*Asks:* 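Sharing a structure below in structure tokens format, with a few things to ask.
Given the structure is predicted, the values throughout are model-derived calculations rather than measurements.
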Amino acid sequence: MTAPTISTLRHFAWIVAAGVALLWGTIIPLLHGHGFSPLPWALAALFSLWGAVFPRSLAPLYHVWMRIGEVLGWINSRLILGIIFFGLVTPMALVMKLRGRDSLRRRFAPDLTSYRLPSAPRPLSHMEKPY
């Protein structure tokens, strides 16, 4: 991992401060019906000030945070992709197989000379407004 720049460390401090203020200072008290505590807001202000004045001292915390993010990203990508594949794609493929549908037209046809499907010609007007 490369060394973060001062700008990156300042942004990191501000993002963490905003997250603390938003999550623990606003959302959690609203969800649980508690009054607003000044502690998360003070912590957010302290972290913002720390990032503005001494951003280089946040580098070890930044590296730990990024390592945690990499591990969680590795786990989440496999978990989410596995759930999508086994929960969505596999059942769709099984249903299509049971119904005899072959969307990719992969069946062997010995009487064909080519499996290429010619495309239909488009009118020239389709390029006038491409978006």
Side-chain angles (χ1 to χ4, degrees):
M1 183 180 285
T2 61
T5 64
I6 291 176
S7 174
T8 302
L9 293 172
R10 282 193 177 125
H11 284 101
F12 168 69
W14 295 333
I15 288 170
V16 170
V20 166
L22 186 67
L23 185 65
W24 284 295
T26 307
I27 294 175
I28 291 178
L30 285 175
L31 290 176
H32 293 291
H34 299 294
F36 291 101
S37 173
L39 182 64
W41 294 94
L43 186 64
L46 178 69
F47 210 83
S48 291
L49 185 64
W50 187 12
V53 178
F54 305 111
R56 287 191 196 272
S57 64
L58 291 172
L61 184 62
Y62 175 82
H63 287 296
V64 169
W65 189 267
M66 289 296 121
R67 179 63 62 194
I68 291 170
E70 286 176 6
V71 170
L72 289 176
W74 187 87
I75 292 169
N76 282 342
S77 65
R78 275 122 185 108
L79 188 70
I80 291 169
L81 289 175
I83 289 171
I84 289 172
F85 183 78
F86 290 111
L88 185 70
V89 176
T90 303
M92 283 175 32
L94 290 174
V95 168
M96 288 173 67
K97 189 83 151 170
L98 290 173
R99 293 182 63 204
R101 182 168 178 191
D102 187 20
S103 299
L104 297 177
R105 297 184 182 137
R106 296 179 300 156
R107 290 200 178 112
F108 180 66
D111 56 328
L112 291 179
T113 58
S114 172
Y115 287 98
R116 183 181 180 277
L117 298 175
S119 59
R122 292 183 177 181
L124 293 177
S125 62
H126 85 280
M127 289 299 290
E128 289 178 5
K129 294 183 179 180
Y131 303 106

*Asks:* Less than 4.5 Å apart, side chain to side chain, heavy atoms only: is that true for Pro4 and His63?
*Replies:*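 Yes - at least one pair of side-chain heavy atoms lies under 4.5 Å apart.
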*Asks:* Is there any side-chain hydrogen bond (donor to acceptor under 3.5 Å, both in side chains) pair reaching into residues 80-101, and which pairs are they, with sequence neighbours excluded?
*Replies:*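 Output for this query lists Arg101-Ser103.
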*Asks:* With clusters built from Ile, Leu, Val, Met, Phe, Trp and Tyr whose side-chain heavy atoms come within less than 4.5 Å, directly or transitively, what are the remaining members of the cluster of Met96, listed by chain and number?
*Replies:*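 ILVMFWY cluster around Met96 holds nothing else.
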*Asks:* With rounding to the nearest 0.5 angstrom, report the NE2 to CD1 distance, His32 to Ile27.
*Replies:*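 Those atoms lie 11.0 Å apart.
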*Asks:* Could you pull out every donor-acceptor pair under 3.5 Å between side chains of residues 7-23 and any protein atom, sequence neighbours left out?
*Replies:*
from  : atom 1 : to    : atom 2 : distance (Å)
Ser7  : OG     : His11 : ND1    : 3.4
Thr8  : OG1    : Thr5  : OG1    : 2.8
His11 : ND1    : Ser7  : O      : 2.7

*Asks:* Side-chain heavy atoms under 4.5 Å apart, restricted to Ile/Leu/Val/Met/Phe/Trp/Tyr: what other residues fall into the cluster of Phe108, or is it alone?
*Replies:*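 Traced through the cluster, Phe108 reaches Leu112, Tyr115.
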*Asks:* Which pairs of donor and acceptor atoms, one on a side chain in residues 73-85, lie under 3.5 Å apart (sequence neighbours left out)?
*Replies:*
from  : atom 1 : to    : atom 2 : distance (Å)
Asn76 : ND2    : Leu72 : O      : 3.4
Ser77 : OG     : Gly73 : O      : 3.1
Ser77 : OG     : Trp74 : O      : 3.1
Arg78 : NH1    : Trp74 : O      : 3.4

*Asks:* Taking only residues two or more places apart in sequence or in another chain, which ones pass side chain to side chain contact (heavy atoms under 4.5 Å, CB included) with Arg106?
*Replies:*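 Residues passing side chain to side chain contact (heavy atoms under 4.5 Å, CB included) with Arg106: Asp102, Leu104.
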*Asks:* Taking distance alone, no hydrogens or angles, what donor-acceptor pairs closer than 3.5 Å link side-chain atoms of residues 35-55 to residues at least two apart or in another chain?
*Replies:*
from  : atom 1 : to    : atom 2 : distance (Å)
Ser37 : OG     : Leu39 : N      : 3.3
Trp41 : NE1    : Gly25 : O      : 3.4
Ser48 : OG     : Ala44 : O      : 3.1
Trp50 : NE1    : Ser57 : OG     : 2.7

*Asks:* Would you kindly confirm whether Phe86 and Val89 end up in one hydrophobic cluster when ILVMFWY residues are joined by side chain heavy atoms under 4.5 Å apart?
*Replies:*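 Both belong to a single hydrophobic cluster.
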*Asks:* Applying ring-ring contact (aromatic ring centres under 6.0 Å, His included), name anything that partners Trp24, two or more places apart in sequence or on another chain.
*Replies:*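 Result, ring-ring contact (aromatic ring centres under 6.0 Å, His included) vs Trp24: none returned.
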*Asks:* Are more than 12 heavy atoms from other residues, nucleotides or ligands located less than 6.0 Å from atom CG of Leu94?
*Replies:*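 Atom CG in Leu94 is crowded, with more than 12 foreign heavy atoms closer than 6.0 Å.
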*Asks:* If a pair satisfies salt bridge (Lys or Arg N to Asp or Glu O under 4.0 Å) and one of its residues is in residues 118-131, list it, with sequence neighbours excluded.
*Replies:*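 Found none.
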